[in-house]
Amino acid sequence: MVGSSTFSVTVRGCGGHISSRRYTVSIAPAQTAHSVSLKWQSSPTAVSYDLYRSTFSGGPYGLVASAILGTSFVDQSVTAGETYFYVATAWDGTKESGFSNQVIAVVP
């Protein structure tokens, strides 16, 4: 339950001394974890992939994950209300390809 509740605690000692204190307990809504799931087509010569992300269309892009062995990745380091722009590259074992087409993800 989200909200707050206030209550008092009263302690009465053996000698007749009374002490009271008010407390408020607040419960905030749970934070929803957000993620972006990405999938791409395999490249026939690729042995791994790197994934890059930016908050600006066209970059500059920062490396999110490297040496991805499959053709999918879940980016769990995203922020609610943000728009992200992703590109991927393929590695053939010795060199990296150019950037893929950019894809856009809007995190609710």
Side-chain angles (χ1 to χ4, degrees):
M1 181 171 103
V2 175
S4 64
S5 180
T6 302
F7 60 96
S8 295
V9 175
T10 303
V11 177
R12 186 179 311 246
C14 296
H17 180 70
I18 298 173
S19 181
S20 282
R21 182 162 279 194
R22 273 177 82 86
Y23 294 93
T24 300
V25 176
S26 297
I27 301 173
Q31 295 293 324
T32 303
H34 294 282
S35 64
V36 173
S37 296
L38 300 146
K39 293 183 182 201
W40 54 90
Q41 291 185 333
S42 64
S43 171
T45 59
V47 295
S48 68
Y49 301 90
D50 286 356
L51 184 67
Y52 296 84
R53 176 182 75 195
S54 179
T55 53
F56 301 99
S57 181
Y61 301 102
L63 184 64
V64 174
S66 62
I68 302 168
L69 299 178
T71 56
S72 65
F73 183 81
V74 177
D75 186 359
Q76 296 179 330
S77 62
V78 297
T79 303
E82 191 70 63
T83 299
Y84 295 100
F85 303 88
Y86 292 91
V87 292
T89 59
W91 281 90
D92 69 2
T94 57
K95 60 183 183 267
E96 185 177 22
S97 73
F99 288 142
S100 66
N101 290 334
Q102 176 180 272
V103 295
I104 301 169
V106 179
V107 180

Task: Heavy-atom check, side chain of Pro60 versus side chain of Tyr52, under 4.5 Å - done: no

Task: Separation of Ser8 OG from Arg22 CZ (nearest 0.5 Å) - done: 5.0 Å

- [ ] Please determine, by modelled atom types, if Tyr84 and Asp75 share a side-chain donor-acceptor pair under 3.5 angstrom.
- [x] no

Task: Shared hydrophobic cluster, Leu69 / Val47 (ILVMFWY, side-chain heavy atoms < 4.5 Å) - done: no

Task: Atom pair OG1 (Thr71) and CD (Gln41), whose distance is rounded to the nearest 0.5 Å - done: 9.0 Å

Task: Positive for ring-ring contact (aromatic ring centres under 6.0 Å, His included) with Tyr49, one of Tyr86, Phe99, Phe73, Trp40 - done: Trp40

Task: Non-hydrogen atoms of Leu63 and Ser66 that approach each other most closely - done: CD2-CB, 4.1 Å

TODO: Determine whether Val36 and Arg53 make a side-chain contact, defined as any pair of heavy atoms from C-beta on separated by less than 4.5 Å.
DONE: no

TODO: Can you see which heavy atom on Thr24 is nearest to which on Ser4, and at what distance?
DONE: CG2-CB, 4.3 Å

- [ ] Mind checking the CH2-OG1 spacing from Trp91 to Thr45? Nearest 0.5 Å is all I need.
- [x] 12.5 Å

Open item on the list: Testing the 3.5 Å rule here: is there a donor-acceptor pair between the side chains of Thr89 and Ser97?
Closed with: no

- [ ] Mind checking the CG-OG spacing from Leu51 to Ser72? Nearest 0.5 Å is all I need.
- [x] 10.5 Å

Open item on the list: When you compare the side chain of Val103 with that of Asn101, does any pair of heavy atoms fall below 4.5 Å?
Closed with: no

Task: Minimum side-chain heavy-atom gap Ser54-Gln102 below 4.5 Å - done: no

Task: Gap separating the OG atom of Ser57 from the CD1 atom of Ile104, nearest 0.5 angstrom - done: 6.0 Å

Open item on the list: So Thr79 and Val107, do their side chains get closer than 4.5 Å, heavy atoms only?
Closed with: no

Open item on the list: When you compare the side chain of Ser48 with that of Ile68, does any pair of heavy atoms fall below 4.5 Å?
Closed with: no

